[in-house]
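Taking it in order: structure first as structure tokens, then the write-up.
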Amino acid sequence: MDTFAADLLDWFYTHRADLPWRRERDPYHVWLSEVMLQQTQVGTVVGYYERFLARFPTLAALAAAPLGDVLKVWEGLGYYSRARNLHRAAQIVVAEYDGELPRTAAELQRLPGIGRYTAGAVASIAFGQNVPVLDGNVIRVLTRLYNIEEDISQQGTRRRLWALAESLVPADRAGDYNEALMELGRLICRPRRPQCDRCPLRQHCQAYREGLQEQRPVRRRRPRTPHYDVAAGVIYGTGSNASRILIAQRPVDGVLGGLWEFPGGKQEAGETLPETLARELEEELGIMVEVGEPVVRVKHAFTHFRITLHAYECRHTGGRPVKRGVADFAWVTLAEMANYAFGKADRQIIAALLERPRQLL
DNA sequence: AACACGGGGCA
DNA sequence: TGCCCAGTGTT
């Protein structure tokens with residue numbers, strides 16, 4: 001079982017995928033790619049990565065940009081705190097590290113948005129430090145190689161896996177080794193139907209030997225997520241705001257923090273959706289509306305709950321908006337909405353509005 | 001230690 | 001369509 005590292009590296013050097021962040025080893029590029037790859041698959045990341053670097057070519061350019069611009073490029077990628085932390089960390093690097101990313105995992109981990117995984121990845125890949133990484137791919141490969149039966153959602157199991165990963169990092173080429181381990185997990189040692197017949201580590205794999213590879217890793221089952229109905233208003237203004245629509249910016253902490261939305265909220269027991277909408281708009285923005293026709297219904301899944309978002313056309317009938325439950329608000333045309341960052345669900349409302357020849361109200 | 005945080009892939 | 005996936009920060 002000893003040294004699978006040599007077999008792994010041989011495989012990697014012949015099968016290594018050509019990805020944009022692998023063309024050079026610029027620390028800023030490695031960092032950006034690793035942050036984007038958190039919780040997000042390679043195929044999704046590539047386009048975002050290229051657009052992001054085209055817009056913010058250097059760490060200094062990122063640090064100098066307004067957060068709204070960063071969120072706009074991040075729009076649709078999810079987990080928007082990653083973008084906020086990346087932006088804040090870039091500003092810290094410029095202010096406190098003379099614009100150069102620190103070179104050790106320990107120093108990197110002090111920056112916002114950089115935990116043990118990202119610190120290990122950047123330190124080993126960009127700076128050649130001899131440190132491990134442990135992400136979902138590595139966990140899967142290691143629990144199969146060593147046929148680990150412990151529940152990986154347990155803290156103690158994670159700690160032991162980190163220790164195991166650390167003990168396995170080869171004395172040189174840690175960056176290549178770490179990338180190879182994750183690449184193997186992504187392409188061969190996949191969650192379902194692993195491609196063991198193509199795996200360079202088959203001879204080293206204890207779970208394969210027992211035919212248990214598909215039973216690893218062991219994970220506690222998650223409880224079902226609840227479902228909510230949410231009402232959202234497409235609120236048309238009057239007078240000087242005629243043909244403009246009211247949008248609101250969400251508070252920076254919490255779900256979709258800092259993103260823009262069609263204001264509204266969660267339906268409560270015994271309420272019709274138009275009643276929900278009227279109540280929420282009064283609570284959050286202090287405005288009165290006449291609720292009109294439904295525009296579209298959008299289903300969306302978050303980690304801990306699912307929502308059905310019901311969009312209604314509304315007419316603003318009274319009260320100047322105030323920032324009560326929102327970070328900001330704006331009256332904008334449909335075309336101007338392209339300049340604001342929205343979540344996926346609200347983007348679908350915009351798409352529905354764009355498909356219609358004209359507003360009904 | 002437990003929970004919050006988006007969106008995509010796959011059967 | 002329902003289920004699975006998963007780093008970091010906060011509390």
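Values reported hereafter were calculated over all heavy atoms of this structure, with side chains retained and with hydrogens, waters and symmetry mates removed. Order of the sequence lines sets the chain letters (A, B, ...), proteins ahead of strands, with each chain counted from 1.
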Sorted by number, the residues of residues 68-89 of chain A with heavy-atom contact under 4.0 Å to DNA chain C: A/Y79, A/N85
Under a 4.0 Å heavy-atom cut-off, which of residues 110-122 of chain A touch DNA chain C?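 Heavy-atom contacts with DNA chain C come from A/L111, A/P112, A/G113, A/I114, A/G115, A/R116, A/Y117, A/T118.
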Within this structure, what is the OH-CZ distance for the pair A/Y236 and A/R315, rounded to the nearest 0.5 Å? 13.0 Å
Enter the distance from A/L212:CG to A/Q215:CD here, rounded to the nearest 0.5 Å.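 Those atoms lie 6.0 Å apart.
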Can you tell me if [atom1] on [X] sees more than 12 non-hydrogen neighbours from other groups inside 6.0 Å?
{"X": "A/R23", "atom1": "CZ", "answer": "yes"}
{"X": "A/R297", "atom1": "CZ", "answer": "no"}
{"X": "A/R320", "atom1": "CZ", "answer": "no"}
{"X": "A/E100", "atom1": "CD", "answer": "no"}

In this structure, is the centre-to-centre distance between the rings of A/F302 and A/F305 below 6.0 Å? yes
Positions of residues 253-267 of chain A (non-hydrogen atom under 4.0 Å from DNA chain B), listed by number: A/G254, A/V255, A/L256
When you measure from every atom of DNA chain B, which of residues 133-141 of chain A have a heavy atom less than 4.0 Å away? none
Round to the nearest Å and state the distance from [X] atom [atom1] to [N] atom [atom2].
{"X": "A/Q38", "N": "C/dC5", "atom1": "CD", "atom2": "C1'", "answer": "14 Å"}
{"X": "A/I307", "N": "C/dT1", "atom1": "CD1", "atom2": "C1'", "answer": "17 Å"}
{"X": "A/R219", "N": "C/dC3", "atom1": "CZ", "atom2": "C1'", "answer": "12 Å"}
{"X": "A/Q39", "N": "B/dG8", "atom1": "CD", "atom2": "C1'", "answer": "12 Å"}
{"X": "A/L309", "N": "B/dG6", "atom1": "CG", "atom2": "C1'", "answer": "14 Å"}
{"X": "A/R190", "N": "C/dC4", "atom1": "CZ", "atom2": "C1'", "answer": "15 Å"}
{"X": "A/R250", "N": "B/dG6", "atom1": "CZ", "atom2": "P", "answer": "8 Å"}
{"X": "A/F305", "N": "C/dG2", "atom1": "CZ", "atom2": "P", "answer": "18 Å"}

Pairwise P distance for C/dC3 and B/dG6, with rounding to whole Å: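 The same atom, P, in both gives a distance of 22 Å.
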Please state the P separation for the pair C/dA6 and B/dA11 - nearest whole angstrom. 15 Å
Strictly by modelled atom types, are A/H204 and A/D7 linked by a side-chain donor-acceptor pair under 3.5 Å? yes
Between A/D151 and A/R219, does the salt bridge (charged side-chain N to carboxylate O under 4.0 Å, His left out) criterion hold? Intermediate values first, please. CA-CA 5 Å; A/D151 175 1; A/R219 188 195 324 271; over 6 Å; no
In chain order, what residues pass the ring-ring contact (aromatic ring centres under 6.0 Å, His included) check against A/Y177, with sequence neighbours excluded?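 Once residues adjacent in sequence are excluded, A/Y177 has no partner under the ring-ring contact (aromatic ring centres under 6.0 Å, His included) criterion.
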Under the side chain to side chain donor-acceptor pair (under 3.5 Å) rule, collect the residues that match up with [X], sequence neighbours excluded.
{"X": "A/S33", "result": "none"}
{"X": "A/R110", "result": "A/E107"}
{"X": "A/H310", "result": "A/D229"}
{"X": "A/R88", "result": "A/N85"}

Under 4.0 Å from OP1 or OP2 of [N]: is there any side-chain N or O of [X] that close?
{"X": "A/R158", "N": "B/dA1", "value": "no"}
{"X": "A/H300", "N": "B/dG7", "value": "yes"}
{"X": "A/K299", "N": "C/dT1", "value": "no"}
{"X": "A/Q155", "N": "B/dA1", "value": "yes"}

Would you tabulate the side-chain donor-acceptor contacts of residues 165-174 of chain A under 3.5 Å, counting partners in other chains and residues two or more places apart, or write 'none'?
{"from": "A/S167", "atom 1": "OG", "to": "A/L164", "atom 2": "O", "distance (Å)": "2.7"}
{"from": "A/R173", "atom 1": "NH1", "to": "A/Y13", "atom 2": "OH", "distance (Å)": "3.4"}

Without placing hydrogens or testing angles, list every side-chain donor-acceptor pair under 3.5 Å for residues 254-269 of chain A, not counting sequence neighbours.
{"from": "A/E261", "atom 1": "OE1", "to": "A/R250", "atom 2": "NH1", "distance (Å)": "2.7"}
{"from": "A/Q267", "atom 1": "NE2", "to": "A/E271", "atom 2": "O", "distance (Å)": "2.7"}

Begin from the C-alpha positions of A/E75 and A/K344 and carry the test salt bridge (charged side-chain N to carboxylate O under 4.0 Å, His left out) through to its verdict. CA-CA 8 Å; A/E75 182 183 57; A/K344 279 275 184 179; over 6 Å; no
Show the distances under 3.5 angstrom between N or O atoms of the protein and N or O atoms of nucleotides 9-11 of chain B.
{"from": "B/dA11", "atom 1": "OP1", "to": "A/R193", "atom 2": "NH2", "distance (Å)": "2.7"}

